[in-house]
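One structure is given below, encoded as structure tokens.
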Amino acid sequence: MMDGVVQLLVIAAIYAILGVSMNVLLSQVGIFSMAYGGMFGVGAYAAGLVLLHGGSFPLAVLTAVVACAVAGAIVSIPTLRTSGDYFIAATFALQIIAYDLFVNLVGVTNGPAGLYGVPPPSILGWAVDSGWKALALAAAFGAVALYVSYRIRSSNFGLVLRAISEDEVAPAALGRNVYGFKVATAVTASAIIGLAGAAYAAHLGYVNPSPFALDATVLVATIVILGGTGNFAGTFVASVVLWAFPEALRYLDVPTSVQGPLHQLLYGLLLLVIVVGRLLAGRRGGTVARRA
Amino acid sequence: VQLFLQLLANGVANGAAYVLIALGFALIYNATREFHIAHAGSFTAAGYAGHVLHGRGLGLAGALAAALLAAGAYGWLVDRLVYAPLRRLRATPLQIFVVSLGVLTVFSALVEIAFGPDDRSWGAGAAPVSLGGVVLPAPFAILIVLTALIVAGVHVLMARSVRGYELRAVSANTELARGTGIRVPAVFGFAYLVGSATVAPAAVMIGLDAGTNPYRGLHLTLLGIVATLIGGTGSYAGAILTALAMALVESLGLLVSSSEWTRVMLYALFLGILMVRPHGLLGAAVRGKGGRA
């Protein structure tokens, strides 16, 4: 029982890291990425491959972070000069490309079967060989993601970004490079995804394509909206709540074939209800950045 | 040469489906500038409505009529029940997008609970149509004709009818259109109704050929979105031509690569084009609509 709870918390912490990354994009730049599943996979496969070829865990993390940052740069650099709609479409395209590569690039990814036997993480001789240690590691990664996010928000950089989310022309008139700030933040948010990917590959010991489909983006979005956009710590609470829900469903007599769509139904309803609810409550500030 | 012609024909056949979905998305997007990702649901609604009525022995015409009604009703209801209240609450484009994603997720999940996740076959198909050694499944031959008719029909609608004029006015400049007394909410509703119904023939013919499942619509919608953005916001011809070109790239890509790589090639090409022409191929540097920029 306790083991199950610890496992759940590890996975929830990893998805919360994804949520923190998306939260930075939504609240600081005011853009939405469809590629959370695909980018998460890029990080997980990059780390898994390094570990399988005998690389150390820190090297695997670094590789995952760099791979995700590069993927983020590819979609951000051309699109962030234009409207956010182009960013959505580009990240959607990236999602499809990444998923097709995971499934079809059999020589590297081993196709639908995936990579097996990824060794558990070990940092300078400290082996992560129990659930509690895995939780400590995931929490440490989460702390890094939170630290980076709060630094982005509270730095000069972040203040300019918040000015951007109100009005792009004013900071530009003051000589601020709006485009440069947006790209830098989007690339940093992508790098954070690499942390989650590496932690996931090393924790589970295998990497296959199924968790990296488009569904993952909806789950991460639900986590962020439930936790509150702009509220990075709330993202962790929301992730635990949403991961506990499937467990609760298991104790009710729901046929397994319906469980998947039931989760999706809940996530979709939460997205709808919370966004509309916030609008009705007329709250400003911390909610999804207001851009006309 | 025979292979080339066959691939060309396949490309045009798929292209007909892509054109309808792109045209539907463009009609809605150009008027409202809302990222209606739930557009995928109109394809799904049309597919299952057609499937159910076709199964009741109502034939192809009955299935088409049901699909048109279902898709149009879906789009119109989403606009009236979800987006219209959000606009009154002054939701941001980002909030409308997140809600649209929520609508699509809920709708797809409900369809999956009702009909299951797998392809539903419509039963034995008609004999394939053959012309000069090039063979196409009958549904796609019909679809090419229907698409040509619909594109012409939408053109006439936009060029001749009062609603068409209003739609173009709202697409060009919403605030100015409002100022001249056009009832913008009604025009938005009209755009959602027509844009969603446009998708229906593609859903029926693809259903006849390959079956209907809850998720095919999303991928097709992405193709339509890409065609609309690359074709240049505000340009229907651009969206239609880009959609056709995308299908040809996909199908002629088989000459140089195998089928599992065509999607990767297509979207890599899209990302490449964005790097060179961030606003799309035919579009000028559009920054929102005149009234807002």
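Residue numbering restarts at 1 for every chain, and letters A, B, ... go by the order of the sequence lines.
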Checklist line | Options B/Val106, B/Ile113, B/Leu222, B/Ile225, ranked by heavy-atom pairs under 4.5 Å with chain A, top entry | finding: B/Leu222
Checklist line | Interface moiety of B/Val111 toward chain A, non-hydrogen atoms closer than 4.5 Å | finding: neither
Margin query: Is the ring pair B/Phe35/B/Phe25 parallel, tilted or perpendicular, if the boundaries are 30 and 60 degrees?
Written below: perpendicular
Margin query: Is it the case that the side chains of A/Ser21 and A/Tyr36 hold a donor-acceptor pair, with the cut-off being a distance below 3.5 Å and no angle test?
Written below: yes
Next item on the list: Tell me, out of A/Leu271, A/Ile77, A/Asp100, who's got the most heavy-atom pairs with chain B below 4.5 Å.
Entry: A/Asp100
Check: Which one of A/Ala98, A/Pro261, A/Ala90 has the most heavy-atom pairs closer than 4.5 Å to chain B?
Finding: A/Pro261
Next item on the list: Would you please say whether a donor-acceptor pair under 3.5 Å links the side chains of A/Thr235 and A/Asn23?
Entry: yes
Item checked: Part of B/Leu266 lying under 4.5 Å from any heavy atom of chain A -> neither
Check: Are side-chain N/O atoms of B/Tyr29 and A/Asp85 paired as donor and acceptor at under 3.5 Å?
Finding: yes
Next item on the list: Go through A/Ile74, A/Ile88, A/Ile274 and name the one with the most non-hydrogen pairs under 4.5 angstrom from chain B.
Entry: A/Ile88
Check: Can you tell which of A/Leu214, A/Leu101, A/Val75, A/Leu105 has the highest number of heavy-atom pairs within less than 4.5 Å of chain B?
Finding: A/Leu105
Item checked: Option from B/Glu34, B/Arg80, B/His39 for which side-chain hydrogen bond (donor to acceptor under 3.5 Å, both in side chains) with B/Tyr192 holds -> B/Glu34
Margin query: Between B/Thr242 and B/Tyr18, is there a side-chain donor-acceptor contact under 3.5 Å, judged purely by atom types and distance?
Written below: no
